[in-house]
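Worth saying up front: this structure is predicted, and the values here are computed from it rather than measured. Indexing begins at 1, ligand by ligand and atom by atom, following the structure's order.
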Amino acid sequence: METKAIATRPHCLVLSFPGQGHINPMIQFSKLLVHEGVKITLATTCFYSKTLQNVPPYISLESISDGFHNGGLGEAGTFKAYLDRFCQVGPPTLVDLIEKLAKLGNPTDCIIYDSVAPWALDVAKRFGIVGASYFTQNMAVNSIYYHVKLGKIKVPLIENEISLPSMPKLQLCDMPSFFHNCDDEDLAMLGLVVGQFSNVDKADWVLCNSFYELDKEVTDWTTKIWPKFRTIGPNIPSVFLDKRIKDDEDYGAAAFKSEEECMEWLHNKPNRSVVYASFGSLVPLDEEQMREIAYGLRDSNHYFLWVVRTSEEIKLPKDFAKKSEKGLVVTWCSQLKVLAHESVACFVTHCGWNSTLETLSLGVPTIVVPQWSDQITNAKYMVDVWKVGIRVPIDEKKIVKSEALRDCIQEMMECEKGKQMKNNAMQWKSLVLRSVSDGGGSSYENIMEFVNSLFTCSQLLQEVIS
Ligand code: UDP
């Protein structure tokens, strides 16, 4: 990539939690900073860093420890065991990394840390380094967790309706999954997401992968609490937005390998004729749910492209063909290329935050099938606030039945409602483009403000040293 030639380039250490939904936006934000002349070292855990393919050469990759070098979360067995150990060994190994970089003549000016690793801010402060917390979730979801931290929302929830500042009223069923189930694993995850706010008041910057126009009220409310809160997204490859970074068509940090044959398959389909379905990188579906989705897609009688990760393939019904006249199942794809393809009409999505931003950025309407965590609240926003999605009803066992999915697909593909959703999605697409454009776009301006502060800070440091 072309980088601005500058004598003193500030150096940011970007620390990402090991997960596709975290590293994708953080590497993308890193690329934008490199484009503006900032040096970037990207760090994640040892095991996870070894699985990453195609990290761009202008970003150096380093690692810290989570205590599980042979299998990460899989080796730990539970989130609780994983998070407990990570919090113990993460901070000292981050200290080692900062010291190592300094010895190599590459001192760190700023740590941009994943907000779920708030201990990184304590490390930054110990070294007198600027600390920027980077939130990878929806602002409304952040606000929910912040109110748990303040003690204004109790877990388990007793109210049926939750009213928070600058947000629509939420029903219990719209809240993240940790408010519905409260086993040890859910509580560990809730601890992680509420912990994002443990020391955020001390952060020099609070950055969020979203854009102002998407949720002006919550952004304004949040900025009153943290004056250095800025929306800097959507952080997705440039080719799908303003094309500022040449040839930037991939996040460049995939832990899975894309099956490129699906692009060929899409090329041979009519415009807006294909239903794309994916449940992201993490969530497992149980066998019954997998069967219902499979038959729902098949019975819709529309073309479909479905991502079923290798670890999930075993749950596909025995009589279900991975390749048929109407459908294709792949283990992974380049989701952005698929969403941008003219053959794709809609997205059956689990509503992970990155998938949500990607579909809004590309103007693709959705059929929402949230499963876990923040996905449930994102789905509520897609359907009722941003009006780009149709919700598939669930049965008493919380299963999406095949008939329900089939009917929603047909409504999206064949009825007036589908056209309205498409129009709404296209309007969001143009707002996204405006927010990242260098003609005064909200996210663009925020990024430049952050970059300028990095340059000022690094120059001041140089002056002190010399
Ligand atoms: N993704 C992809 N190919 C796939 C499925 C997903 O590239 O076949 C990417 C997707 O574009 C997104 C990320 O994986 O950037 C998933 O993140 P998200 O927050 O949507 O869900 P999570 O995986 O965290 O549940």
Side-chain angles (χ1 to χ4, degrees), residues 16-29 31 44 48 51-54 72-73 79 114-116 134-138 141-142 176-177 189 192-193 208-210 233-241 248-263 265-266 274-285 304-313 322 328-341 344 347-362 364 366 368-379 381-382 389:
S16 170
F17 196 74
Q20 202 70 64
H22 291 252
I23 199 136
N24 277 3
M26 292 195 85
I27 200 165
Q28 206 52 44
F29 185 54
K31 288 185 206 167
T44 185
Y48 194 65
T51 67
L52 298 180
Q53 303 157 25
N54 308 328
L73 179 59
F79 273 124
D114 198 317
S115 54
V116 293
Y134 181 103
F135 282 74
T136 58
Q137 294 191 335
N138 178 357
V141 170
N142 294 335
S177 60
M189 288 306 290
L192 180 78
V193 289
C208 182
N209 183 24
S210 187
N235 291 149
I236 70 173
S238 195
V239 162
F240 302 98
L241 294 173
D248 177 33
E249 51 180 47
D250 230 313
Y251 284 106
F256 302 92
K257 199 166 169 357
S258 291
E259 289 187 39
E260 292 301 332
E261 79 163 295
C262 66
M263 296 313 294
W265 184 87
L266 281 178
V274 176
V275 178
Y276 168 61
S278 165
F279 295 85
S281 64
L282 265 180
V283 172
L285 298 180
F304 66 88
L305 171 64
W306 184 15
V307 176
V308 177
R309 298 187 310 277
T310 309
S311 56
E312 296 281 284
E313 278 180 311
K322 283 199 225 154
L328 178 66
V329 176
V330 292
T331 54
W332 193 255
C333 69
S334 171
Q335 180 161 296
L336 281 157
K337 282 189 199 157
V338 168
L339 288 173
H341 200 285
V344 169
F347 183 11
V348 175
T349 174
H350 73 311
C351 308
W353 184 236
N354 294 287
S355 296
T356 302
L357 285 176
E358 290 164 8
T359 207
L360 290 170
S361 303
L362 291 163
V364 180
T366 57
V368 303
V369 187
Q371 299 292 312
W372 182 66
S373 181
D374 60 324
Q375 297 155 15
I376 297 167
T377 315
N378 297 339
Y381 269 72
M382 277 212 254

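The distance criterion of under 3.5 Å between nitrogen or oxygen atoms is met by S355 with respect to ligand 1. In terms of N/O distances under 3.5 Å, ligand 1 is not approached by L336. Polar contact with ligand 1: present for E358 (N/O pair, distance under 3.5 Å).
Closest approach of Y48 to T51, counting heavy atoms only: O-OG1, 2.7 Å. Taking each heavy atom of Q137 and S373 in turn, the nearest pair found is NE2-OG, 4.3 Å.
Side-chain atoms of N138 do not come within 3.5 Å of backbone N or O of N378 as any donor-acceptor pair. A donor-acceptor pair under 3.5 Å is absent between the side-chain atoms of S16 and the main chain of T44, judged by distance alone. Q371 places no side-chain N or O within 3.5 Å of a backbone atom of L285 that could act as its donor or acceptor partner.
Between W372 and F79, the two ring planes are parallel [angle under 30°; tilted spans 30° to 60°].
Below 4.0 Å from some heavy atom of G352 lie the following atoms of ligand 1, by number and element: 18 (P), 19 (O), 20 (O), 21 (O). Within ligand 1, counting atoms from 1 as listed, the ones closer than 4.0 Å to a heavy atom of W353 are 19 (O). Close approach of ligand 1 to S278 is summarised as follows: ligand atoms under 4.0 Å from at least one heavy atom of the residue are 5 (C). Listed by number with element, the atoms of ligand 1 under 4.0 angstrom from any heavy atom of G280 are 23 (O). Atom numbering of ligand 1 starts at 1 in the shown order; those under 4.0 Å from a heavy atom of V307 are 8 (O). Of all the atoms in ligand 1, the ones that sit under 4.0 Å from a non-hydrogen atom of S281 are 22 (P), 23 (O).
Ranking the protein heavy atoms by distance from atom 19 (O) of ligand 1 puts N354 ND2, 2.9 Å first. Nearest protein heavy-atom contact of atom 3 (N) of ligand 1 is C333 O, 2.6 Å. Of all protein heavy atoms, the one lying nearest to atom 6 (C) of ligand 1 is W332 CH2, 3.2 Å. What sits closest to atom 24 (O) of ligand 1 on the protein, heavy atoms only, is G21 CA, 3.7 Å. Ranking protein heavy atoms by distance to atom 13 (C) of ligand 1, first place goes to N24 ND2, 3.6 Å.
In this structure, Y251 has a heavy atom closer than 4.0 Å to ligand 1.
Rounded to the nearest 0.5 Å, atoms SG (C262) and CH2 (W306) are 15.5 Å apart.
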Report all side-chain donor-acceptor pairs from residues 251-258 shorter than 3.5 Å, counting only partners two or more places apart or in another chain.
| from | atom 1 | to | atom 2 | distance (Å) |
| --- | --- | --- | --- | --- |
| Y251 | OH | E358 | OE2 | 2.6 |
| S258 | OG | S334 | N | 3.4 |

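Checking D248 against Q28 by side-chain atom types alone, a donor-acceptor pair falls below 3.5 Å. If you check the side chains of E313 and T331, you find no donor sitting under 3.5 Å from an acceptor.
Of the candidates H350, Q375, Q20, H350 brings a heavy atom nearest to atom 21 (O) of ligand 1.
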